[in-house]
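Letters go in sequence order (proteins before strands), and every chain restarts at 1.
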Amino acid sequence: MEHKDVKIYFSSELLSWYRLIKRDLPWRMNRDPYRVWVSEIMLQQTRVDTVIPYYNTFMSKFPTVQALAEAPESEVLKCWEGLGYYSRARNLQAGAKEVVERYGGIVPDDKASVAGLKGVGPYTTGAIMSIAFNRPEPAVDGNVMRVLSRYFCLEEDIAKPATRVRIEKLAASLIPEGAAGDFNQALMELGALVCTPKSPSCLPCPVMEHCAARLDGRESELPIKTKAKPPRPELRAAAIVLGSGVNAGKVLVRQRPDTGLLAQMWELPHLLLPADKADWLDEKAPKEQGELAELIGRMLEEDTGLLIRPRRWFMDADHVFSHIHWKMRFYLADLGDESGAYAPAAEETVGIAAEAEAIYSVNAAAASEYKAGEMPSVYRWIDKEDMEKLPFPNLFLRILKEFWE
DNA sequence: AAGTCGGGGGT
DNA sequence: ACCCCAGACTT
């Protein structure tokens with residue numbers, strides 16, 4: 001069969017298949033460009049099943065572009081809590097404000113305008129233009145690169161940006177007349193349900209007959225993708241500081257800086273330790289816990305002006321981001337008097353070693369993720385009800401929930 | 001081109 | 001454990 005016919009076969013069979021079996025998803029209720037836009041932002045690097053409940057909550061809380069544009073940012077972030085990549089939420093709201101101010105609250109049927117919105121890159125531009133407006137623009141995500149790599153037996157590394165650009169041109173050439181939205185969704189639906197990353201199920205595939213990778217018996221070898229570097233480990237000491245007096249029953253939390261990792265989210269106060277102190281978090285070296293506890297206490301005292309006394313170990317927790325692996329140790333602390341001290345087991349050594357002092361001064365200067373002069377000054381005492389209002393990343397949410405149970 | 005940005009589910 | 005996910009942005 002001619003190459004041209006292999007392409008026509010692919011497009012036509014895939015489109016028919018999609019129109020028969022497509023899933024009934026909340027954002028497919030209609031083609032409201034705002035609904036499409038929100039769904040595509042949420043779906044960036046996030047699975048459909050994860051997004052669905054967030055999407056429903058988000059749309060009921062912010063049903064229109066105007067509603068989103070006018071909402072307090074903390075409410076938007078709270079709706080995004082646990083979904084990850086929080087800059088998506090802030091960029092989405094910035095985009096909503098731009099649509100209100102520049103386009104009268106109507107998402108423009110114009111590629112350049114859509115592409116100019118914050119958080120909207122090449123994929124999302126194509127998705128919005130094709131799904132909401134049925135414009136013949138490609139929408140190439142991980143699914144599409146995988147499906148097309150296999151069907152056409154492409155051996156380019158899909159981790160390279162240049163590959164996506166090339167596949168975009170191929171994808172554009174496959175769009176059937178007048179069916180851009182359905183076809184682009186069909187490609188992704190196939191990648192999500194049939195042509196999956198591992199062990200693709202070729203038998204039910206609507207285009208298996210002319211799939212080059214399958215005909216070569218290489219469907220499980222494609223696509224080719226260089227693997228990512230493993231996340232670097234970071235050791236962190238954290239504290240759950242219990243309030244007293246008017247703050248009895250409350251815990252000290254702080255808001256992160258407005259840029260960078262977990263920007264503007266709330267967290268329990270913590271401190272980065274040098275990488276060569278891995279044994280400090282080794283449970284086989286409990287004698288070091290006194291030093292670690294004193295360290296986090298002193299950092300918090302300096303930062304808050306409060307007299308903070310770590311009392312005992314609470315729990316250890318690991319959390320893995322894409323590029324960092326946090327190994328955390330949490331201490332319970334309170335606002336003790338000068339006589340208060342960390343209460344170690346009998347065999348533990350209490351006191352602050354010279355080494356610990358050195359680490360502390362490094363951290364206070366610049367060694368944590370906070371640059372000098374950017375230490376978070378926003379501390380707050382919260383109870384369980386306050387926790388429901390402020391946005392926390394999941395790692396701290398889990399600790400707080402465990403603490404209050 | 002490489003690094004920065006979350007978190008969870010599948011295998 | 002490792003992989004990937006309806007990617008975008010910064011350097």
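For the pair A/H319 and B/dG7, the criterion of a side-chain N or O lying under 4.0 Å from OP1 or OP2 is met. Proximity of A/R146 to the phosphate of C/dC4: no side-chain N or O atom is located under 4.0 Å from OP1 or OP2. Between A/K229 and B/dG3 there is a side-chain N or O to OP1 or OP2 distance below 4.0 Å. Side-chain nitrogen and oxygen atoms of A/H323 include at least one within less than 4.0 Å of the OP1 or OP2 phosphate oxygen of B/dC5. The phosphate of C/dA6 (OP1 or OP2) has a side-chain N or O of A/N143 nearer than 4.0 angstrom.
Taking atom P on both B/dG8 and C/dA8, the two are 22 Å apart, rounded to the nearest angstrom. For the P atoms, the distance linking B/dG6 with C/dT10 amounts to 14 Å, nearest Å.
Side-chain contact between A/I296 and A/R329 is absent, with no heavy atoms from C-beta onward closer than 4.5 Å.
Salt bridge absent: A/K384 and A/E388 never bring a charged side-chain N and a carboxylate O closer than 4.0 Å.
B/dG8 is paired with C/dC4 under the Watson-Crick or G-U wobble criterion, all donor-acceptor distances under 3.5 Å.
Judged by distance alone, with hydrogens and angles left aside, A/S322 brings a side-chain donor or acceptor within reach of the base of B/dG6, the pair sitting under 3.5 Å. The base of B/dG6 sits within donor-acceptor range of the side chain of A/T46, with an N or O pair under 3.5 Å. Counting atom types as modelled, A/R47 pairs a side-chain N or O with a base atom of C/dC4 as donor and acceptor under 3.5 Å.
When the P atom of B/dG8 is taken as reference, atom CG of A/N394 falls 4 Å away, rounded to whole Å.
When distances are taken from the side chain of A/Y85 to each of B/dG6, C/dA8, C/dC3, the shortest belongs to B/dG6.
The residue among A/L117 and A/K225 whose nearest nucleotide of DNA chain C lies closer to the 5′ end is A/K225. If A/S87 and A/K198 are placed on DNA chain B by their nearest nucleotide, the residue sitting closer to the 5' end is A/S87.
Using a 4.0 Å heavy-atom distance criterion, A/R90 is classed as making no nucleic acid contact.
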